[in-house]
Amino acid sequence: MKKKPTYSCPIDNRCGGCSWLRVPYGQQLARKQQHVDELFADLIDDGTQCLPILGMKVPLHYRNKVVSPFVGIYDKRTRRRRILCGMYERGTHWVIDSSECLIENAQAKAIILTIRDLMPRFRIEPYDEDRDEGFLRHAQVRVGHNSGEVMVTLVTRTEQFPTAKKFVRALVSRHPEITTVVQNVNSRKTNVIMGDKERKLYGPGFILDTLCGLSFRISSTSFYQVNSTQTEVLYSTAIRMAKLTGTETVMDAYCGTGTIGLVAARGINGEPGAAKLIGVEERADAVADARNNARHNGIDNAEFVAADAGTYMREQAEQGRSVDVLFMDPPRAGSTPDFLKAACSISPKRIVYISCNPTTQARDAKYLIEHGYRIDVLQPVDMFPHTDHVECVISMSRSAL
């Protein structure tokens, strides 16, 4: 068997991005597989399919969203002031200057570097977080994996941007692939990157990209998985686990902007989708995006509700309603006992649980097993090569089935 390569980076001993870069990729996958297997060892039975982890063929430059802070320093060696951009040093707020990154989209990284180079010409001062002074705090570049559309978001401390038109013209001149530029204003003294106010400087203010055959509108603040290649693997795997026949009512809890639910509603690779999709999400802005995405793709068998998913499921159970399949994709902290109790109350025949933290996923699965479900399939997916993070999908069915 051919040995998987290792990769080297001059700053990986300081940067907080790639903790496993020097570990051969095959070993990374084996470690992640072992971690998941150990977590679920006491929760599976003889009928559970424990499938091998799905890794990437080329685990490089997979991050389609690149974010960089900008910091001004005085360089004693050159006796000049210069601007740093790159990653934060592990465990600190010190910026490590970097001109390339093995996991970031190379096109997006090049745009970040051009922004840095153009700043002095247009008298754009980098933000000083200690003094709460300066102008440009961060730049975020998102690249449509399939569409190739590029959005640049400039996060500034104040709204006034006198040289905006000239700056954007120069930036687009150097990178004609840019389709839109947005200014996001964050005047708070905070570590949170994005502010609440935005304005378009160039283009429509969003990009479109396709995922599992559907088109999605992505804004500067939209949640959209940063590894599109593996997201298609993840979502396709989860939807196959749901075993849809075209007759099911499916609920997508924690639905966000509706990505996985809409893919389930349409179906993948010509296979049947759901008869009806109900997406539930607490954030009203995300629900609005989900509804727009449904309209944009001509999907009329989906409805989206702005509500707490646990509360909504309890209300449905009280009205005697149930669903056939429940998709759940909670945050890293996992679900709560209240949510899991509510999920059991609507008696889904099958639960498909996607997790970015198998530790909390195993904890939640234990609760569901104690309340009448079993694990049918266990599938780890490597969403973030060269890090210790691993995604996992499990499908569960009621034990009586």
Side-chain angles (χ1 to χ4, degrees), residues 211-217 222-225 234-268 271-331 334-336 338-355 364 368 371-373 393-398 401:
L211 187 69
C212 296
L214 297 183
S215 177
F216 292 96
R217 174 172 163 162
S222 294
F223 173 77
Y224 194 71
Q225 293 275 10
L234 181 75
Y235 286 4
S236 299
T237 298
I239 291 165
R240 280 196 301 270
M241 286 184 180
K243 298 182 179 179
L244 300 175
T245 64
T247 62
E248 293 84 3
T249 296
V250 172
M251 180 178 291
D252 179 11
Y254 309 99
C255 75
T257 57
T259 45
I260 190 167
L262 290 171
V263 176
R266 173 65 60 84
I268 54 170
E271 297 174 1
K276 180 180 181 181
L277 168 73
I278 304 167
V280 187
E281 167 63 46
E282 199 165 20
R283 287 175 43 228
D285 60 332
V287 169
D289 285 342
R291 290 170 179 161
N292 286 332
N293 284 327
R295 282 193 293 270
H296 179 66
N297 287 282
I299 296 175
D300 56 10
N301 61 335
E303 66 173 275
F304 293 94
V305 181
D308 173 78
T311 302
Y312 181 81
M313 287 188 290
R314 281 194 300 274
E315 291 172 351
Q316 296 300 296
E318 289 168 1
Q319 296 171 28
R321 297 173 183 168
S322 62
V323 299
D324 298 299
V325 179
L326 173 67
F327 281 97
M328 48 188 290
D329 185 3
S335 290
T336 64
D338 183 62
F339 175 93
L340 295 170
K341 182 178 179 181
C344 292
S345 73
I346 58 169
S347 303
K349 296 174 184 175
R350 184 167 286 107
I351 297 174
V352 180
Y353 187 154
I354 302 170
S355 176
D364 295 344
L368 293 169
H371 290 79
Y373 287 83
V393 190
I394 59 173
S395 72
M396 307 183 75
S397 60
R398 288 205 297 265
L401 294 180

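In this text the structure is predicted, and so the values were computed from the model without any measurement.
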Test item: [X] and [Y] side chains (from C-beta on) under 4.5 Å apart, heavy atoms:
X	Y	value
C255	F327	no
S335	M328	yes
D364	L340	yes

For the [atom1] atom of [X] and the [atom2] atom of [Y], what is their distance to the nearest 0.5 Å?
X	Y	atom1	atom2	answer
I260	I239	CD1	CD1	5.0 Å
L326	M396	CG	CE	11.5 Å
Y373	S395	OH	OG	12.5 Å
I268	C212	CD1	SG	6.5 Å
F216	L262	CZ	CG	5.5 Å
S397	L368	OG	CG	11.5 Å

Please name the pair of heavy atoms, one in [X] and one in [Y], separated by the smallest distance, quoted to 0.1 Å.
X	Y	value
N293	N297	O-ND2, 2.8 Å
P330	I354	CD-O, 3.5 Å
A306	V287	CA-CG2, 3.8 Å
K243	E248	O-OE2, 3.8 Å
S347	R398	O-NH1, 2.5 Å
L214	I299	CD1-CD1, 4.0 Å

Item checked: Sole candidate of R314, R321, M251 that passes side-chain contact (heavy atoms from CB on, under 4.5 Å) when paired with I346 -> M251
Checklist line | Those residues that, when tested against Y224, pass ring-ring contact (aromatic ring centres under 6.0 Å, His included) (two or more places apart) | finding: none
Check: Partners of F339 by ring-ring contact (aromatic ring centres under 6.0 Å, His included), sequence neighbours excluded?
Finding: Y254
Check: Is there any salt bridge (Lys or Arg N to Asp or Glu O under 4.0 Å) pair reaching into residues 283-295, and which pairs are they, with sequence neighbours excluded?
Finding: R283-D285
Notebook entry, point to check: Would you say the side-chain atoms of D324 pair up with the backbone N or O of V250, donor to acceptor, closer than 3.5 Å?
Noted result: no
Test salt bridge (Lys or Arg N to Asp or Glu O under 4.0 Å) applied to [X] - qualifying residues, sequence neighbours left out:
X	result
D308	none
R240	none
D329	none

Next item on the list: With sequence neighbours left out, write down each residue that passes side chain to side chain contact (heavy atoms under 4.5 Å, CB included) with A275, or none if nothing qualifies.
Entry: none
Under the side-chain hydrogen bond (donor to acceptor under 3.5 Å, both in side chains) rule, collect the residues that match up with [X], sequence neighbours excluded.
X	answer
Q225	none
R217	none
H371	none
K276	E303

Next item on the list: Please collect all ring pair (Phe, Tyr, Trp, His ring centres under 6.0 Å) contacts where either partner lies in residues 282-310, sequence neighbours excluded, each pair once.
Entry: none
